[in-house]
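The figures that follow rest on heavy atoms only: side chains count, while hydrogens, waters and symmetry mates do not. Worth saying up front: this structure is predicted, and the values here are computed from it rather than measured.
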Amino acid sequence: MAVGLATAVYGISFGALAVAAGLDIWQTCFLSLVMFTGGSQFALVGVLASGGVAAGGSAIATAAMLGIRNVVYGMRMKPIVEGPPTSGHPTPVWRRVAAAWVTIDESTAVALAQSNDRAARVGFWVTGVVIFVGWNLTTFVGALIGDAMGDTRAWGLDAAAAAAFLGLLWPRLKRVQAGAVAVGAAVVATLTTPVLMPGLPVLVAAVVAVVVGWFDLFRRRSES
């Protein structure tokens with residue numbers, strides 16, 4: 001419950017940022033309802049804020065790239081959510097769809113932190129449902145606030161998406177490999193931003209993570 005309520009508050013920021021990026025209130029709410037993965041949502045509106053409608057393709061590609069992690073979460077959570085197999089009673093389709101919808105960073109993290117499968121299932125569902133309901137409500141509130149503020153760039157909200165990602169990234173920079181990826185990606189993005197349309201530098205910078213992860217050089221050096 002604590003994780004769910006704390007995470008849901010971020011929906012206010014997303015709602016205001018989405019309006020600042022050019023979406024209206026109902027488009028913003030619809031996005032939270034059907035996409036429901038904060039990292040991808042922030043990435044989408046961040047690219048749109050930089051390049052407008054012309055950057056729509058890059059925005060979708062960036063959001064999709066970040067959403068790939070949810071597929072990995074789903075593979076890990078499937079046996080836990082479905083529970084032990086019961087002869088003649090397959091998991092209902094509606095339950096699988098609902099589980100897929102609320103498979104996000106927080107619900108997965110809470111589930112995997114539990115000591116047994118039953119507690120993991122309870123943690124997964126409670127966290128996911130609380131965040132889903134709270135996030136959509138706070139998105140609506142944030143969109144109303146952003147719409148009432150008018151030009152949200154005057155309040156600095158156009159930079160809030162980048163700040164939010166930096167806040168998410170910062171705790172992960174304790175390891176050499178993660179720090180190397182962050183620095184390398186930042187350099188590549190800085191060099192390509194003046195020559196590529198908004199959104200593409202993020203995709204190009206992602207190649208740094210692929211290269212470093214593939215060769216695993218920095219981790220080997222840190223362990224040696």
Side-chain angles (χ1 to χ4, degrees), residues 1-49 56 59-60 62-74 76-78 80-81 94-114 120-149 152 155-172:
M1 289 293 291
V3 171
L5 293 174
T7 304
V9 174
Y10 286 106
I12 296 177
S13 298
F14 170 72
L17 287 170
V19 171
L23 301 181
D24 61 31
I25 294 175
W26 302 115
Q27 288 173 330
T28 300
C29 292
F30 182 76
L31 188 61
S32 276
L33 182 66
V34 299
M35 183 177 284
F36 187 56
T37 172
S40 295
Q41 290 182 240
F42 274 110
L44 181 70
V45 300
V47 174
L48 289 178
I60 293 172
T62 302
M65 180 182 65
L66 287 172
I68 291 175
R69 72 191 190 285
N70 289 13
V71 177
V72 180
Y73 295 161
R76 178 65 181 86
M77 292 305 302
K78 184 177 186 292
I80 295 177
V81 172
W94 67 266
R95 185 175 177 182
R96 293 183 180 182
V97 172
W101 214 300
V102 297
T103 298
I104 55 176
D105 300 280
E106 292 80 8
S107 61
T108 302
V110 170
L112 296 181
Q114 307 309 311
R121 283 192 293 274
V122 173
F124 172 83
W125 285 110
V126 171
T127 305
V129 171
V130 169
I131 294 178
F132 181 79
V133 174
W135 181 269
N136 280 278
L137 290 175
T138 54
T139 291
F140 178 63
V141 173
L144 289 176
I145 293 174
D147 188 59
M149 290 171 64
T152 52
W155 301 83
L157 286 179
D158 54 329
F165 271 107
L166 181 60
L168 292 172
L169 176 66
W170 196 259
R172 303 176 183 270

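With sequence neighbours excluded, no residue satisfies ring pair (Phe, Tyr, Trp, His ring centres under 6.0 Å) with Phe124.
In this structure, Trp101 contributes its side chain and Gly128 its backbone to no donor-acceptor pair below 3.5 Å.
Between Ile80 and Leu112 there is a side-chain heavy-atom pair separated by less than 4.5 Å. In this structure, the side chains of Leu44 and Met35 come closer than 4.5 Å at one or more pairs of heavy atoms. Using a 4.5 Å heavy-atom cutoff, the side chains of Phe14 and Thr138 are not in contact.
Interatomic distance, Thr127 OG1 to Leu5 CG, rounded to the nearest 0.5 Å: 10.0 Å. To the nearest 0.5 Å, atoms CG (Leu31) and CH2 (Trp26) are separated by 14.5 Å. From Arg69, atom CZ reaches atom OG1 of Thr103 across 11.5 Å, with rounding to the nearest 0.5 Å.
For Val81 against Arg121, the heavy-atom pair with the smallest separation is O-CD, 3.6 Å. Across all non-hydrogen atoms, the minimal contact from Val19 to Ala143 is CG2-O, 3.6 Å. In plain terms, the two heavy atoms of Thr28 and Gly15 that are nearest each other are CG2-CA, 3.9 Å. Of all the heavy atoms in Ser32 and Thr139, the pair that sits closest is OG-OG1, 2.9 Å. Residues Ser40 and Ala63 come closest through the heavy atom pair OG-O, 2.8 Å. Minimum interatomic distance between Trp135 and Ala8 (heavy atoms only, all atoms of both residues): N-CB, 3.8 Å.
Heavy-atom neighbours of Arg95 CZ from other residues, nucleotides or ligands within 6.0 Å: above the threshold of 12.
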Discussion item. Please evaluate residues Val102 and Trp125 with respect to the criterion side-chain contact (heavy atoms from CB on, under 4.5 Å), reporting the C-alpha separation (whole Å), side-chain torsions for both, the decisive distance (0.1 Å), and the verdict.
Written reply: CA-CA 8 Å; Val102 297; Trp125 285 110; 4.2 Å; yes
- Query: Could you go step by step and tell me if Leu33 and Phe132 meet the side-chain contact (heavy atoms from CB on, under 4.5 Å) rule?
  - Reply: CA-CA 8 Å; Leu33 182 66; Phe132 181 79; 3.6 Å; yes
